[in-house]
Amino acid sequence: MRSLHVLQRLAKQAVDRERQALQAIAGEIADVEAAIETRQKAIEHEASAPLDFMTSGATLDAFIQAGRVQIQVLRKRLAELQSSYDAQIERVRQERVEQKRYELLIERRAEQAARETAAKEQKTIDELVTIKAGRKG
């Protein structure tokens, strides 16, 4: 029974590790989404700003083009992260199933031990009743 408790504890630690990895991926997704939004706002801001004598159209176009390339790279990274996120969710589920398996085994063993104890108690009671009945008779 002790070994099952150890295995259950190890399974719980595995679930915790996988959840932490899932949270890390979720944090990275949020960071990439924020970076995409920042790039888009910068492009919109620069595109809507009036041109002055220090700004040329070619420089603005280069900035906008570079921003769009960065956004494409970030979106690709976001897609990779979302794929990793989905795979990580599956790993969390698998580890949770393993943990639940140990929980059920422990519960079944405890129920079996309780039944065995109840049977022993009943046997002892029956023996005592038989002995007491034998003394009276």
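All figures in this text were calculated on a predicted structure; none of them were measured in a lab.
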In terms of side-chain geometry, is the basic nitrogen of Lys12 or Glu95 positioned less than 4.0 Å from the acidic oxygen of its partner? no
Distance in Å, Thr38 OG1 paired with Gln70 CD, rounded so as to fall on 0.5 Å steps: 11.0 Å
Going by atom type alone, with no hydrogens or angles, which donor-acceptor pairs under 3.5 Å involve a side-chain atom of residues 120-128 and a protein atom two or more places apart or on another chain?
{"unit_1": "Gln122", "atom_1": "NE2", "unit_2": "Asp126", "atom_2": "OD1", "d": "2.9"}
{"unit_1": "Thr124", "atom_1": "OG1", "unit_2": "Lys120", "atom_2": "O", "d": "2.9"}

Taking all non-hydrogen atoms of both residues, which atom of Val15 and which atom of Arg96 are closest, and how far apart? CG2-N, 3.6 Å
Got a second to check how far Arg39's CZ is from Gln72's CD, nearest 0.5 Å? 13.0 Å
Assess whether salt bridge (charged side-chain N to carboxylate O under 4.0 Å, His left out) is satisfied between Glu44 and Lys41, documenting all intermediate values. CA-CA 5 Å; Glu44 291 170 7; Lys41 285 182 180 180; over 6 Å; no
One should read off an interatomic distance between Leu22 CG and Arg17 CZ, to the nearest 0.5 angstrom, of 14.5 Å
Would you check if Ile71 and Ile43 make a side-chain contact, meaning some heavy-atom pair closer than 4.5 Å? yes
Glu116: which residues meet the side-chain contact (heavy atoms from CB on, under 4.5 Å) condition with it, sequence neighbours left out? Gln112
Locate the shortest heavy-atom distance separating Tyr102 from Ala11; write the atom from each residue and the value. CD1-CB, 3.9 Å
Out of Ile29, Asp31, Ile36, which residue meets the side chain to side chain contact (heavy atoms under 4.5 Å, CB included) rule with Glu33? Ile29
So how far is it from Gln40 CD to Leu74 CG, rounded to the nearest 0.5 Å? 9.5 Å
So Arg108 and Glu111, salt bridge (charged side-chain N to carboxylate O under 4.0 Å, His left out) or not? Walk me through it. CA-CA 5 Å; Arg108 286 182 190 151; Glu111 289 170 356; over 6 Å; no
Using 4.0 Å as the upper bound for N to carboxylate O, is an ion pair formed by Arg101 and Glu98? yes
Show me the donor-acceptor pairs, under 3.5 Å and distance only, between side chains in residues 82-89 and residues at least two apart or in other chains.
{"unit_1": "Ser84", "atom_1": "OG", "unit_2": "Glu80", "atom_2": "O", "d": "3.2"}
{"unit_1": "Gln88", "atom_1": "OE1", "unit_2": "Arg91", "atom_2": "NE", "d": "3.0"}
{"unit_1": "Gln88", "atom_1": "OE1", "unit_2": "Arg91", "atom_2": "NH2", "d": "2.6"}
{"unit_1": "Gln88", "atom_1": "NE2", "unit_2": "Glu18", "atom_2": "O", "d": "3.0"}
{"unit_1": "Gln88", "atom_1": "NE2", "unit_2": "Glu18", "atom_2": "OE1", "d": "2.4"}

